[in-house]
There are 2 protein chains.
Amino acid sequence: MEDVAERAKVSRALVSLVMNNSPQVSEEKRESVLRAAEELGYRPNLAARQLAKRRTQTIGVLVDDLRNPFFGEVVDGIEAEAANHGFTALILNGHRDARRELDAVETFLQFRVEGMALVGPRVGDDDLARLGGTTPCVVVASGSAHPGVDTVTTDGRWGAELAVEHLASLGHTRIAHMDGGSNVSAEERRAGYRSAMQAAGIGDFIDIRAAGDDEADALDVIDELLSAADPPTAIFAFNDLLAAGALNRLDDAGVAVPEDVSLVGFDNTFIAALRHLSLTTVNQPTLAMGRLAVETLLTRLSDGTDEPMRHTLEPQLVVRSTTGPPPMQSSGTASGSAEHI
Amino acid sequence: MEDVAERAKVSRALVSLVMNNSPQVSEEKRESVLRAAEELGYRPNLAARQLAKRRTQTIGVLVDDLRNPFFGEVVDGIEAEAANHGFTALILNGHRDARRELDAVETFLQFRVEGMALVGPRVGDDDLARLGGTTPCVVVASGSAHPGVDTVTTDGRWGAELAVEHLASLGHTRIAHMDGGSNVSAEERRAGYRSAMQAAGIGDFIDIRAAGDDEADALDVIDELLSAADPPTAIFAFNDLLAAGALNRLDDAGVAVPEDVSLVGFDNTFIAALRHLSLTTVNQPTLAMGRLAVETLLTRLSDGTDEPMRHTLEPQLVVRSTTGPPPMQSSGTASGSAEHI
DNA sequence: ATAGACCATTAGAGCGCTCCAATTCAAAGT
DNA sequence: ACTTTGAATTGGAGCGCTCTAATGGTCTAT
């Protein structure tokens, strides 16, 4: 910067003004500075700028799992909105592990990010509240109900209800739920499943199995479910990945979907839309969630409210081909008719 | 930091030493500093540290597309290895667009990252070389042959050859290639396709269609292919996503895979492994690529070679159920027999 | 007893920038 | 001619840390 100033025959301060394109610089000087910078390949040092400005214009984005396309979509939304406001999004990966998430948050804090978006975090509510005290922090995930933290969520309870209602209306009674394990969103979806089962008058059949959020997590659970005394005719899975894993295993076992068993996922990732899976699922408006997360953060930054802000978006059932009426009562297992929607 | 020093009754310098856990601090003082820091909730300011240290211990990771699970896997590898060496990985998203990639690189440079890993970049070779001059830079992608830049790649040419040889050995002659468009890896795969076609003595049938690297990019191309005078009996797609899109469209058109048309993808993402797609594809060792990328960067940092380093990994054909022998010569279109592997 | 060696500790300069207050200069007002 | 105004420019302090060289202290060798 020193050099640029010298070369352009101006003071360092003026260079700074040009670099921040302040309006009160004469066209003449501006150009000469820009030229000098160009010639010397000068690039402002972000660390120094941040230090001097006492601002970083950066938000931290903690992603649970980069392999799940759902998160990729949310992050896309966050990045787009952040860029709109001149913010840079710093992406860190939680690797589906609470301890590593905490490390990542620690890194964010050292970076002095102005806000953090935790996308599908696994850290406990207590840690969350503690963090939120220091730096604005928004939890993005369906069905998080964290006290004292801002949240952007798709109504997971409602989403689960949509799924169960759909299955119930097709005539299913034995509907099982493969739940999300330690995933934050798991609880709300579980609750939705429960309430919808009750509402449909089939509360007696409530069957919740601890699974997870990855295809591999589905395998054992499907085996359990199939070998149960009274196997379900429909399964509501925590997310699309889990549902995909279920589909794999059901196929292995020679169980036809949806003829023998109906299956519903969650997230409406592009995987669900693949024709060969054609998974009935519950849509989350990922892009909107991302954008809203950033907006929330910015509001929090300027605003001084204590009230936690909660944005809840509407889920939407997307019916595809993995759901249909249950097999005839008589025929206990495979073979079922093909008359689905 | 001032406050911590005061509280622990030591100098600022000592606090700094403790924070960098220097060995030459007495146990007594170390503890008292740590305690003071804890009590005050002190957290070192990374920007200040970087500025003073003249090092950032950070590498930039530019990802082409966060929705494609392939990239997620590579990034996982990068992050793991970076962490091993005390580096933080800064992830930025290129959004499949060369201009935005350049912006991201600019950001990296301002951050003073010590190295950059460009995962599946789209920027031109000239820009690449220019960047590489400033900051160590490794291109991670299958089949990149960028002059003057370090690369970690899976041999895309070979991978393509494996795919074509497999199809040819099944008896296919009319094998088309849906290529990767502006994706860096496209050219090598194209070349591999060409050479394998020649080698198999079916060079006359070479048919390359510009497609892309996203499911949506497949649609039009499939339509074209199907309505051609002499439609192919096999298609080698640039990547799994494209293949998945192709699968969708073929299904729409009532074309059976692999009975009527065989299909091969690339990347071996988890999508390909889904039982309902069960896509024959070419594996890339993603994790190893990520790790190797970081190693390359670190070598470049310590070493002073001018020679560009090129790591080329072996692709591997993964045969699943989307490939089989071509339909009987006689039956021109749909219906084909079911005798596949 | 004195010099030398060695350890833990500290003062203080400096990293590359921004920003405030101060300065310069030209044009306008009286 | 003089002050007033305002825009363009600059000097310099300071952001929070690290690092070098210097300081004080303790211990061993002579």
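All chains are named by letter (A, B, ...) in the order of the sequence lines, taking the proteins before the strands, and each is independently numbered beginning at 1.
The number of heavy-atom neighbours closer than 6.0 Å to CD of B/Glu6, taken from other residues, nucleotides and ligands shown, is 12 or below.
Annotation for A/Ala37 and A/Val4: closest pair N-CG1, 4.0 Å, computed over non-hydrogen atoms.
Taking atom CZ on A/Arg43 and atom P on C/dC17, their separation rounds to 12 Å, with Å as the unit. Whole-Å rounding puts the A/Gln24 CD to C/dC20 P distance at 11 Å. Per the geometry, CZ belonging to A/Arg54 stands 8 Å off C1' belonging to D/dG14, to the nearest Å.
Judged by distance alone, the side chains of A/Glu295 and A/His311 never bring a donor and an acceptor atom under 3.5 Å apart.
Side-chain N or O atoms of B/Glu114 include one that pairs as donor or acceptor with a backbone N or O of B/Gln57 at under 3.5 Å. Between the side chain of A/Thr56 and the main chain of A/Arg112, a donor-acceptor pair closer than 3.5 Å is present. Checking side-chain atoms of B/Asn20 against main-chain N and O of B/Ser22 turns up no donor-acceptor pair under 3.5 Å.
For A/Arg12 and D/dT10, a side-chain-to-base donor-acceptor distance below 3.5 Å is absent, hydrogens and geometry of angles not being considered.
Across residues 13-20 of chain A, A/Ala13, A/Ser16, A/Asn20 each have a non-hydrogen atom less than 4.0 Å from an atom of DNA chain C (numbered order).
Within the structure, every side-chain polar atom (N or O) of B/Ser26 is placed at least 4.0 Å from both OP1 and OP2 of C/dC7.
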